[in-house]
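Notes to accompany the following structure.
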Amino acid sequence: MPKNTHKRKASAHSKSKTIKKNKPSAGRSSNPKVFVGVGGLLVALGLYMLLFKAHGNAMTGFAMLAIIIGVVTAIIAIFSAPDKKAG
């Protein structure tokens with residue numbers, strides 16, 4: 001038997017027994033259209049308040065917050081939607 005036999009490590013071929021999965025939020029991933037709609041509604045409400053109802057600094061700030069939160073909610077819902085696999 002040769003002296004320099006190359007032995008492979010057993011761990012190199014064994015599969016990991018733990019499965020790593022990133023579980024997305026159940027609400028966003030199951031129905032992202034609802035969250036996109038809520039985001040759009042917040043943006044529309046913020047624009048309406050900004051254009052027609054904002055007479056003070058507090059209303060302007062609330063309108064801007066509604067727009068920002070609506071946009072962020074819609075973007076997160078779009079990215080967390082499940083991928084459609086073709087074929």
Side-chain angles (χ1 to χ4, degrees):
M1 186 166 184
K3 195 176 191 182
N4 298 350
T5 58
H6 177 69
K7 293 184 181 179
R8 294 183 180 161
K9 289 184 180 180
S11 64
H13 295 290
S14 66
K15 292 185 180 179
S16 176
K17 293 182 181 180
T18 60
I19 298 173
K20 294 180 182 178
K21 252 187 188 178
N22 293 335
K23 276 181 103 177
S25 175
R28 279 195 324 250
S29 64
S30 63
N31 47 6
K33 289 182 182 179
V34 172
F35 284 89
V36 172
V38 167
L41 184 70
L42 282 172
V43 170
L45 176 72
L47 285 174
Y48 172 75
M49 287 177 57
L50 198 61
L51 293 175
F52 299 112
K53 300 287 183 178
H55 298 293
N57 289 336
M59 287 294 261
T60 304
F62 184 73
M64 292 300 288
L65 278 175
I67 292 170
I68 292 169
I69 291 171
V71 167
V72 169
T73 303
I75 289 173
I76 290 174
I78 289 170
F79 284 134
S80 66
D83 295 334
K84 294 181 180 178
K85 294 181 180 178

Seminar exercise, completed: Closest heavy-atom pair, Ala77 versus Pro32, reported as atoms and distance to 0.1 Å, is O-CB, 3.5 Å
Exercise. Are Leu50 and Val43 co-members of a hydrophobic cluster defined by side-chain heavy atoms under 4.5 Å apart?
Worked result: yes
Seminar exercise, completed: Rounding to 0.5 Å, atoms CG (Leu47) and CE (Met64) come to a distance of 9.0 Å
For this session: In sequence, state the C-alpha distance, the side-chain angles, and the governing distance for Leu42 and Ile67, and then conclude on side chain to side chain contact (heavy atoms under 4.5 Å, CB included).
Result: CA-CA 6 Å; Leu42 282 172; Ile67 292 170; over 6 Å; no
Problem set entry | Under the side-chain contact (heavy atoms from CB on, under 4.5 Å) test, residues paired with Leu65 that sit two or more places apart | none
Problem set entry | Other cluster members, Leu41 - Ile/Leu/Val/Met/Phe/Trp/Tyr, side-chain contacts below 4.5 Å | none
Exercise. Does Phe79 have any ring pair (Phe, Tyr, Trp, His ring centres under 6.0 Å) partners at least two apart in sequence or in another chain, and if so, which?
Worked result: none
Exercise. Looking only at heavy atoms, which two atoms of Lys53 and Met59 are closest? And how far apart?
Worked result: O-CE, 4.1 Å
Exercise. Taking only residues two or more places apart in sequence, or in another chain, which ones meet Ala66 in a side-chain contact (heavy atoms from CB on, under 4.5 Å)?
Worked result: none
Problem set entry | Option passing side-chain contact (heavy atoms from CB on, under 4.5 Å) with Ile69 (candidates Val72, Val71, Thr73) | Thr73
Exercise. Looking at CD1 of Ile76 and CZ of Phe35, how far apart are the two atoms once the value is rounded to the nearest 0.5 Å?
Worked result: 10.5 Å
Problem set entry | Of all pairs that satisfy ring pair (Phe, Tyr, Trp, His ring centres under 6.0 Å), the ones with a partner from residues 49-72, not counting sequence neighbours | Tyr48-Phe52
